[in-house]
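Labels below follow one simple rule: chain letters A, B, ... track the order of the sequence lines, proteins then strands, and each chain is numbered from 1.
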2 protein chains.
Amino acid sequence: MSLRYAVLAALLEGEASGYELSKSFDVSLANFWPATPQQLYRELERLAGDGLVASRVVRQERRPDKRMFTLTEAGRAELGAFAGRPPKRPTAVRDELLIKVQAMDGGDPDVTRVLIEERMDRVRGKLDRYRRLRDRLLDGRAEDEYLATAERVGPYLTLMAGIGFEEQNLRWCERALLVLARRVPLG
Amino acid sequence: MSLRYAVLAALLEGEASGYELSKSFDVSLANFWPATPQQLYRELERLAGDGLVASRVVRQERRPDKRMFTLTEAGRAELGAFAGRPPKRPTAVRDELLIKVQAMDGGDPDVTRVLIEERMDRVRGKLDRYRRLRDRLLDGRAEDEYLATAERVGPYLTLMAGIGFEEQNLRWCERALLVLARRVPLG
DNA sequence: CGCACCTATTCAAATAATTGAGTATGTGAG
DNA sequence: CTCACATACTCAATTATTTGAATAGGTGCG
């Protein structure tokens, strides 16, 4: 059910096609509500059927036609109502690496270390992208200044959540590596 | 597919019934791989079919019979192999509250603040439980001492991940409340 | 020219997850 | 005595999610 509202929230940024949504989703909402392109297309179809989004076909010259979607007033109202209701489901994290860490004892700690180092690489990449996005939002202004003038703070707050989460992720990896290093001293 | 290994990892702690697993899952593996009792029962059934766990029926006097499950050697081997392979899926977070925060602009910030305060209550409760669990594990020893002598560090590392995640969660909530307080000054 | 990758979507099949109820019995609080 | 809650599961129905492929043209590299 929440995907529905995630899509509506994404459309607050303005008109978009399913394809564009699937791209912009990746760098923002997917960080707390992942969805594949297929899920987005299906959801947009349903939302259009319920009158929460309106669509128009845009013909293009050197590319396939695309369907652009906009929030309707009904959609905006539904989203507003959703935003005020307490969440139905608790936050869920699915992290395969932690299953492997939980199960590591008895195996080779060095193998687990390699997995954690790979995780760190990916986390660092994600943090770089997040920080570039934040810099683009701030556009040279200090945070205080931005928050005082910006019309929307929601996307900024969720971005801060993403940055904080990945920073914490990195701190955990560092600690875990220290613990594993002690387990199997070099030499 | 990962649930399979999460269940095997849980059975590293020793023999358990489906019911017991669904209880212990809640306080450990569910924090990075949630599962309902129904999922666990189904998975145990499959694992037994594949010979990765063995089961025996325990008759009880004042309670219904239960089926106790143990890791087989094949199960232990499968789990070990899994623990060394790089994760198939990236970490996924599903957090309905963040959709609401993303969508809040245009609505009443005070409503969002209430939701964040409710989140803080739940997070603090979770942190308390985590910390009690850590204290039980450490049993009076300092962390260094524990890590030097413990036969298993996996469960400790995943517990630290849970604590760190919730602490970060709390820090984000505090920041978000500050931002929202500025948005709508009291009076 | 061939190959890989981008735009832009749709379809179908398989697997996984959620929800709600049902079956039994026992314990403890008020 | 009743009500809620714990033990210990099972079943069925519906939704959601994942995976792979199909369609169809365009761009850029060597």
Side-chain angles (χ1 to χ4, degrees), chain A residues 1-7 10-11 15-27 29-30 32-50 53 55-69 87-96 99, chain B residues 1-7 10-11 15-27 29-30 32-50 53 55-69 87-96 99:
Chain A
M1 242 338 39
S2 292
L3 177 58
R4 191 182 178 76
Y5 300 104
V7 169
L11 287 176
E15 195 180 29
S17 69
Y19 189 78
E20 285 160 8
L21 260 192
S22 77
K23 294 294 149 190
S24 68
F25 224 79
D26 276 352
V27 294
L29 283 120
F32 45 91
W33 207 271
T36 59
Q38 287 81 353
Q39 276 177 279
L40 296 179
Y41 282 117
R42 224 176 324 115
E43 203 59 50
L44 284 166
E45 200 60 62
R46 275 185 229 164
L47 286 167
D50 294 345
V53 304
S55 73
R56 64 190 180 100
V57 173
V58 173
R59 240 157 275 283
Q60 295 182 110
E61 298 254 316
R62 326 184 163 272
R63 286 154 203 286
D65 295 354
K66 60 181 174 180
R67 239 178 116 187
M68 298 291 284
F69 295 88
K88 287 239 170 90
R89 305 170 184 299
T91 305
V93 175
R94 277 180 197 279
D95 190 340
E96 216 182 300
I99 303 179
Chain B
M1 247 334 41
S2 292
L3 177 57
R4 191 180 178 77
Y5 301 104
V7 169
L11 288 176
E15 195 180 27
S17 68
Y19 189 78
E20 286 159 7
L21 257 193
S22 78
K23 297 291 149 192
S24 69
F25 223 79
D26 275 353
V27 294
L29 283 120
F32 44 91
W33 206 271
T36 60
Q38 288 81 352
Q39 277 177 277
L40 296 179
Y41 283 118
R42 224 176 322 113
E43 203 61 49
L44 283 166
E45 201 59 61
R46 273 185 231 163
L47 286 167
D50 294 345
V53 304
S55 73
R56 64 191 181 99
V57 174
V58 173
R59 243 157 274 281
Q60 295 182 112
E61 299 254 313
R62 324 181 164 275
R63 284 152 204 285
D65 294 354
K66 60 181 175 180
R67 237 177 118 189
M68 299 291 285
F69 296 88
K88 286 239 171 87
R89 306 167 182 303
T91 304
V93 176
R94 277 182 196 278
D95 189 341
E96 215 183 301
I99 304 179

Quick one: list whatever passes side-chain contact (heavy atoms from CB on, under 4.5 Å) with B/E15, sequence neighbours left out.
B/R56, B/M68, B/T70

I'd like the 5' and 3' limits of the part of DNA chain D contacted by chain B, with heavy-atom contacts below 4.0 Å.
D/dA6 to D/dT19

Grab the two heavy atoms, one from B/G18 and one from B/Y41, that are nearest each other, plus how far apart they are.
CA-CE2, 3.6 Å

What is the distance from atom CD of B/E45 to atom CG of B/D50, rounded to the nearest 0.5 Å?
11.0 Å

Contact class for A/S22 vs. all strands (heavy atom < 4.0 Å): base, sugar-phosphate, or nothing?
nothing

Hunt down any stem DNA chain C takes part in, defined as 3 or more consecutive Watson-Crick or G-U pairs whose two distances are each under 3.5 Å.
C:1-30 with D:1-30

Leading and trailing nucleotides of DNA chain C with any atom under 4.0 Å from heavy atoms of chain B:
C/dA16 to C/dT27

Nearest heavy atoms of B/L21 and B/A10, plus distance in Å
CD2-CB, 3.5 Å

Who passes side-chain hydrogen bond (donor to acceptor under 3.5 Å, both in side chains) against B/S55, sequence neighbours left out?
B/R67

B/R89: which residues meet the side-chain contact (heavy atoms from CB on, under 4.5 Å) condition with it, sequence neighbours left out?
A/E96

side-chain contact (heavy atoms from CB on, under 4.5 Å) evaluation trace for A/L40 with A/L3
CA-CA 8 Å; A/L40 296 179; A/L3 177 58; 4.2 Å; yes

Please list, by residue number, the residues of residues 34-46 of chain B whose heavy atoms come closer than 4.0 Å to an atom of DNA chain C; answer none if no residue qualifies.
B/T36, B/Q38, B/Q39, B/R42, B/R46

Note: A/I99 and B/F32 closest approach over all heavy atoms is N-CE1, 3.6 Å

By salt bridge (charged side-chain N to carboxylate O under 4.0 Å, His left out), which residues pair with A/R94, not counting sequence neighbours?
none

Set of residues satisfying side-chain contact (heavy atoms from CB on, under 4.5 Å) with respect to A/T36, sequence neighbours excluded:
A/Q38, A/Q39

5'-most by nearest nucleotide on DNA chain D - B/K23 or A/M1:
B/K23

Contacts satisfying side chain to side chain donor-acceptor pair (under 3.5 Å) that involve residues 18-27 of chain A (not counting sequence neighbours) are A/E20-A/K66

Of A/L3 and B/R67, the one whose closest DNA chain D nucleotide lies more 5'
B/R67

Listed by chain and number, what are the ring-ring contact (aromatic ring centres under 6.0 Å, His included) partners of A/Y5, not counting sequence neighbours?
A/F82

By salt bridge (charged side-chain N to carboxylate O under 4.0 Å, His left out), which residues pair with A/R46, not counting sequence neighbours?
A/E43

